[in-house]
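Take a look at the structure set out below.
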Amino acid sequence: CWNTPLWLIMDTCDGAFIAYTGAGPDLPANDWTVTMGSPGPPYLSYVEQYYIYTLATGTINVEGNYINGDGVFGVKTTADTYDPTLNIDGSFTNSATAYFIASNSATFSVGGNYTNSGTGIYTDSSGTLVLDGSATQTFTAAGTDASHDFNNLTITNASSSGVTFTDDCTVAGTFADNTSDSKITFTITKTFTFNAIDIDGTSGHNIILTSTNATPPGSSHSEQWYLDVADASPLVSYVTVYDSDALTGSEIGTSNCTDGGNNENWLFNTAPNSPSSLTQKDDSDNAISESAWTNSNTPKLGFTITDPD
């Protein structure tokens, strides 16, 4: 085995068990790379197709970036055996030929960029990935199949620049953002397929859903990002939306939301037009003028009003 300052890497018949040996759960502030072939935590000799690591139980806080694999040798890291809470303050990178299995019950949060390579495999294990950064975050899924999709994906980043999704993304469970004043930017022409959505700001603090258009968002005839929600009756509240084409999925219901422009298949609660064609009649439906009113009149009011919704 190899002993690092904070972790003990124990060789087993099918890989390595990463057990905590220090006084606290925090890893060093520098980047933490799961790979092989050079000193540094952790590394292991070859086992079948992958170099296999099992994260121990408890809480693992990575103060820097977490890099799974070196892009050359196959590495498999699993958090699904002992279900540790994995909190990465920096970025998470799943390199080419790397395989990461998330916990099915414990929290997995990333404070920096999330990047999966096209050949890297991410297994969500029916868990939840949380993007909880305090500055700009980018999200690259690199695919929408079972090796690149997500079960639940939650945004808690409240920074003014928020989270930018760079490519197509599929969430088999719920895509959620309940953080007031948060901002999510979707790359134009990309498709975001969500089984269900839970997006709710608060009064005076709308969540912004916008596009990567260089022109002002919401401009007529600008390119759009595509939203496909499977849930039959999705509803969001206190959200401002720009450049979204939701025609391939269910119509998106809204409450206290703002139409930023260039949206399709979003049902915004537009106020009715002002009344017009006002008439005054007596109880026999005879029109009466203001000067013809008497104490014996029983007036009937008539008007025309339309609601764009």
Side-chain angles (χ1 to χ4, degrees), residues 124 126 128-129 131 139 141 143-146 148-157 162-213 215-275 304-309:
D124 59 55
S126 300
T128 299
L129 173 62
L131 303 179
F139 191 92
T144 58
D145 59 9
H148 299 85
D149 68 350
F150 305 87
N151 181 51
N152 297 319
L153 183 57
T154 299
I155 312 293
T156 63
N157 185 325
V163 177
T164 296
F165 285 82
T166 66
D167 61 355
D168 299 327
C169 179
T170 295
V171 176
T174 300
F175 180 88
D177 184 351
N178 297 143
T179 302
S180 298
D181 296 318
S182 57
K183 179 181 180 181
I184 307 176
T185 302
F186 298 94
T187 297
I188 54 175
T189 74
K190 303 302 181 181
T191 300
F192 303 91
T193 305
F194 304 144
N195 178 64
I197 55 176
D198 175 13
I199 307 175
D200 300 285
T202 55
S203 179
H205 300 278
N206 281 19
I207 293 172
I208 306 298
L209 305 181
T210 190
S211 74
T212 54
N213 274 321
T215 55
S219 299
S220 178
H221 306 300
S222 295
E223 290 191 282
Q224 296 166 301
W225 54 278
Y226 301 107
L227 177 62
D228 185 348
V229 179
D231 181 30
S233 303
L235 178 66
V236 302
S237 64
Y238 296 105
V239 172
T240 301
V241 188
Y242 302 90
D243 301 325
S244 175
D245 179 348
L247 287 171
T248 56
S250 299
E251 182 179 60
I252 312 299
T254 66
S255 174
N256 298 294
C257 292
T258 300
D259 180 2
N262 197 28
N263 298 303
E264 296 180 82
N265 210 30
W266 286 75
L267 180 60
F268 292 98
N269 186 21
T270 306
N273 294 327
S274 299
T304 300
I305 190 168
T306 58
D307 186 347
D309 293 336

N/O donor-acceptor pair under 3.5 Å between [X] side chain and [Y] backbone:
| X | Y | answer |
| --- | --- | --- |
| N263 | V241 | yes |
| N195 | T174 | no |
| T166 | F139 | yes |
| D167 | A141 | yes |
| D245 | L247 | yes |
| T212 | I188 | yes |
| T254 | L267 | yes |

Working to the nearest 0.5 angstrom, can you tell me the gap between [X] [atom1] and [Y] [atom2]?
| X | Y | atom1 | atom2 | answer |
| --- | --- | --- | --- | --- |
| Y238 | S255 | OH | OG | 6.5 Å |
| T248 | E264 | OG1 | CD | 10.5 Å |
| N151 | T170 | CG | OG1 | 12.5 Å |
| D124 | H148 | CG | NE2 | 12.5 Å |
| C257 | L235 | SG | CG | 7.5 Å |
| E223 | T215 | CD | OG1 | 9.0 Å |

Identify the heavy atoms of [X] and [Y] that sit nearest to each other, and give their distance.
| X | Y | value |
| --- | --- | --- |
| S222 | N213 | CB-ND2, 3.5 Å |
| A246 | N265 | O-ND2, 2.9 Å |
| P216 | S219 | O-OG, 2.6 Å |
| S250 | P234 | CB-CD, 3.8 Å |

Mind checking whether [X] and [Y] have side chains closer than 4.5 Å, heavy atoms only?
| X | Y | answer |
| --- | --- | --- |
| D198 | N178 | yes |
| I199 | F175 | yes |
| D231 | I197 | no |
| F150 | C169 | yes |
| T144 | D149 | no |

Verify the distance criterion only: is there a donor paired with an acceptor across the side chains of N206 and T240 at less than 3.5 Å?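 Yes.
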Just one of I208, N262, T258, L209 clears the side chain to side chain contact (heavy atoms under 4.5 Å, CB included) bar with Y242, so which one? I208
L131 pairs by side chain to side chain contact (heavy atoms under 4.5 Å, CB included) with which of T154, D177, N157, V163? V163
Which class fits the ring pair F268 and W266: parallel under 30°, tilted 30 to 60°, perpendicular over 60°? parallel
Describe, in one word, how the ring planes of F194 and F186 are oriented to each other, choosing from parallel (under 30°), tilted (30 to 60°) and perpendicular (over 60°). tilted
With side-chain hydrogen bond (donor to acceptor under 3.5 Å, both in side chains) as the criterion, how do D228 and T193 come out once you've worked through the C-alpha distance, each side chain's angles and the decisive distance to 0.1 Å? CA-CA 5 Å; D228 185 348; T193 305; 4.5 Å; no
May I have the step-by-step check of side-chain contact (heavy atoms from CB on, under 4.5 Å) for L153 and F165, ending in yes or no? CA-CA 12 Å; L153 183 57; F165 285 82; 3.8 Å; yes
